[in-house]
Amino acid sequence: MARFLALILALATLAAWPHGARADQKLEHSLPPPDMNGMAMAQQAYRIGPLDKLDISVFQVPELTGAVEVDAAGLISLPLIGQVTAGGKTTNELSQLIAQKLSAKYLQDPQVTVVVKEALSQKITVEGAVLQPGVYPIEGRTTLMQAIAMARGADPQRANEKKVVVFRTVNGQRMAAGFSLVDIRTGKTDDPQIYGNDIIVIDASNARGFFHDIIASMPLLAIFRPF
C-alpha cells in the first residue's frame, strides 16, 4: 500500500510536468541533500540492519560509550550485558532495550542514546517504468543511474527516460526534482547522488491513462518545488 501511494503521488507530479517542454530544456535541477531534521526524523523510523555502524552513549558512563557494528545476524556485543539483538529495531527501541538490560543489574535509570553512524542498509524506492520496481538497499555513495540499475533498468517499451523524478525531504518539506537519463548518459548533466528514503519514478507512456481518475482528483504539483 505504501509503495502504491508513493507511486500515485509521484505520477501526480509527473502529470504536472510543464506542457510543451523542449527536449533540451533544463530539467536537471539538483535536489540538495536531506536536511538534518529530515534525516533525524528518518532515523527515528529507520530499522537497524546488518553491518550498520552505531554510536551508543550511556550518559556519564564513558566505559559503556562507543561505536559498534551490527553483525550479519543483526547482533551487537556490549560491555556488561553481552549480545543484544539490534536488527529490525529503531534507534529508540534499541536504546530502551539496552537501558532495560543495564538497569536490571548494573545501573539505576541509565540514559542511553543510539545513533546510526553509517547505515549500510538504507533503502530507496524505485517505481514507474522500470523492469523490476521495488525497495532496494543502498550501500555507500549511490547515483541515480546506479539506483535505476538495481531495478534492472528502464523498461524499453514504456519508459520516458527524459522524465525521471526524485522525491526527497529537504528542510522538513517533501520536494521533487526532474532528471533526464539521456542527458546523464551523454555527459550533458551529472549523475546525481541518491540518499536513503529517496523515491525515484520513471515516467511511463501509459501512466496517465491508468491513473487518470486519481491524478485528476489531486492538486497539480509543480516540479522542483515543495509540495
So do the side chains of [X] and [Y] get within less than 4.5 Å of each other, counting heavy atoms only?
| X | Y | result |
| --- | --- | --- |
| Asp198 | Thr125 | no |
| Glu161 | Arg185 | yes |
| Leu97 | Lys89 | yes |
| Phe179 | Val166 | yes |
| Ile48 | Val70 | yes |

Exercise for the section: Report the C-alpha distance between Leu181 and Ile202 in whole Å, list the side-chain angles of each, state the deciding distance to 0.1 Å, and finish with yes or no for side chain to side chain contact (heavy atoms under 4.5 Å, CB included). Expected result: CA-CA 10 Å; Leu181 300 185; Ile202 298 183; 4.2 Å; yes

Has the side chain of [X] got a donor or acceptor atom that lies under 3.5 Å from a matching backbone atom of [Y]?
| X | Y | value |
| --- | --- | --- |
| Thr142 | Ile138 | no |
| Ser57 | Thr65 | no |
| Asp190 | Pro192 | no |
| Asp191 | Leu144 | yes |
| Gln111 | Asp109 | yes |
| Asp71 | Leu75 | yes |
| Gln96 | Glu93 | no |
| Asp52 | Gly49 | yes |

Practice task
Mind running side chain to side chain contact (heavy atoms under 4.5 Å, CB included) on Val126 and Met150 for me, showing each step along the way?
Solution key: CA-CA 9 Å; Val126 186; Met150 294 177 189; 5.7 Å; no

Taking all non-hydrogen atoms of both residues into account, name the closest pair between [X] and [Y] and its distance.
| X | Y | result |
| --- | --- | --- |
| Gly128 | Val201 | CA-CG1, 4.1 Å |
| Ala154 | Leu131 | O-CG, 4.2 Å |
| Asp183 | Thr186 | O-OG1, 3.2 Å |

Practice task
Check the pair Ile194 / Thr143 against side chain to side chain contact (heavy atoms under 4.5 Å, CB included), numbers first and verdict last.
Solution key: CA-CA 5 Å; Ile194 297 300; Thr143 68; 5.7 Å; no

Problem - Inter-residue atom distance Ile81.CD1 - Leu107.CG, 0.5 Å rounding - result: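 Taking CD1 in Ile81 and CG in Leu107, the distance rounds to 9.5 Å.
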
Handout entry: Spacing of Ile200 atom CD1 and Tyr136 atom OH [to the nearest 0.5 Å]
Key =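 Here the rounded value is 11.0 Å.
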
Practice task
Might you work through the side chain to side chain contact (heavy atoms under 4.5 Å, CB included) test for Val84 and Leu94, ending with a clear yes or no?
Solution key: CA-CA 9 Å; Val84 177; Leu94 182 57; 3.9 Å; yes

Handout entry: Over 12 foreign heavy atoms within 6.0 Å of CZ, Arg152
Key =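 12 or below, so no.
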
Let me have the donor-acceptor pairs involving side chains of residues 98-106, under 3.5 Å, with sequence neighbours excluded, atom names and distances please.
residue: Ser103; atom: OG; partner: Ala99; partner atom: O; Å: 3.0
residue: Ser103; atom: OG; partner: Gln100; partner atom: O; Å: 3.0
residue: Tyr106; atom: OH; partner: Leu80; partner atom: O; Å: 3.3

Problem - Matching residue for Pro79 among Val61, Val58, Leu64 - test: side-chain contact (heavy atoms from CB on, under 4.5 Å) - result: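 With Pro79 as partner, Val61, Val58, Leu64 yield a single side-chain contact (heavy atoms from CB on, under 4.5 Å), made by Leu64.
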
Exercise for the section: Identify the residue among Asp55, Ile76, Val114 that makes a side-chain contact (heavy atoms from CB on, under 4.5 Å) with Val68. Expected result: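 Single side-chain contact (heavy atoms from CB on, under 4.5 Å) partner of Val68 among Asp55, Ile76, Val114: Ile76.
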
